[in-house]
Amino acid sequence: GAVVSQHPSWVICKSGTSVKIECRSLDFQATTMFWYRQFPKQSLMLMATSNEGSKATYEQGVEKDKFLINHASLTLSTLTVTSAHPEDSSFYICSTRGPGYEKLFFGSGTQLSVL
Amino acid sequence: SQKIEQNSEALNIQEGKTATLTCNYTNYSPAYLQWYRQDPGRGPVFLLLIRENEKEKRKERLKVTFDTTLKQSLFHITASQPADSATYLCALDTPTGGGNKLTFGTGTQLKVEL
């Protein structure tokens with residue numbers, strides 16, 4: 001299966017700052033990566049689909065200018081939360097589909113706390 | 001849109017017993033259904049996938065059933081152990097204009113007690 005590395009594991013920042021989260025596919029070339037957000041006791045909500053070499057596809061209601069996604073290579077996708085506010089505090093998780101393109105392999109997640 | 005329902009209440013069982021978790025969906029039947037395990041503060045980990053033409057799938061102490069008539073999947077853990085304590089998520093593929101995406105249920109928290 002695919003191994004996905006996500007950093008940082010947690011980050012605390014002040015309101016108004018930007019935070020970048022990295023997601024790396026270590027043993028599989030991921031042309032597509034998925035970014036999810038999860039609030040406590042709630043389901044994973046897909047935010048956007050990151051496509052290597054092209055623009056990301058955002059889900060309805062997700063602000064493109066606030067959640068910037070860059071997928072410049074087959075092994076790295078980044079999510080930047082711009083001008084973060086306390087309501088952006090959440091658990092962010094990236095994932096990619098394995099070679100069979102069915103099951104997902106997830107990163108370990110990033111807990112973002114905006115003060 | 002597809003709605004996925006899992007028991008929101010935590011399931012507490014005794015070690016050695018069989019845990020049964022339920023996943024119901026409301027709309028079309030997906031081509032396949034998946035179960036994941038999620039530990040606190042971690043990303044989900046894939047457990048099992050079952051296709052629409054399969055009634056049952058097994059992997060070690062895990063068993064998944066898929067009833068497209070009832071629009072339901074059951075997830076069983078036999079001979080449960082405290083290490084099985086976690087949140088279990090079911091996920092369905094959802095066709096979109098650009099390809100399928102997975103939609104997750106809210107998950108059921110399982111606690112296996114000694």
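Please read these numbers as outputs of a predicted model, since none were measured by experiment. Letters A, B, ... are given to chains in the order of the sequence lines, protein chains preceding strands, and every chain is numbered from 1.
With a 4.5 Å cut-off on non-hydrogen atoms, Gln38(A) touches chain B through its side chain but not through its backbone. Of the atoms belonging to Leu44(A), heavy atoms from both backbone and side chain fall under 4.5 Å from chain B. Only the side chain of Ile93(A) has a heavy atom closer than 4.5 Å to any heavy atom of chain B.
Tyr36(B) and Gln38(B) form no side-chain donor-acceptor contact under 3.5 Å, judged by distance and modelled atom types alone. Judged by distance alone, the side chains of Glu5(B) and Thr26(B) never bring a donor and an acceptor atom under 3.5 Å apart.
Going from atom OG of Ser85(B) over to atom CZ of Arg37(B) covers 7.5 Å, rounded to the nearest 0.5 Å. Distance check, rounded to the nearest 0.5 Å: CZ of Phe75(B) to OG1 of Thr65(B) gives 11.0 Å.
Contacts with chain A were tallied for Gly107(B), Gly43(B), Pro44(B); Pro44(B) has the most, counting heavy-atom pairs under 4.5 Å. Ranked by heavy-atom pairs under 4.5 Å with chain B, the first of Leu104(A), Thr49(A), Thr110(A), Leu46(A) is Leu104(A).
Distance alone, capped at 3.5 Å, places no donor-acceptor pair between the Arg97(A) side chain and the Thr32(A) backbone.
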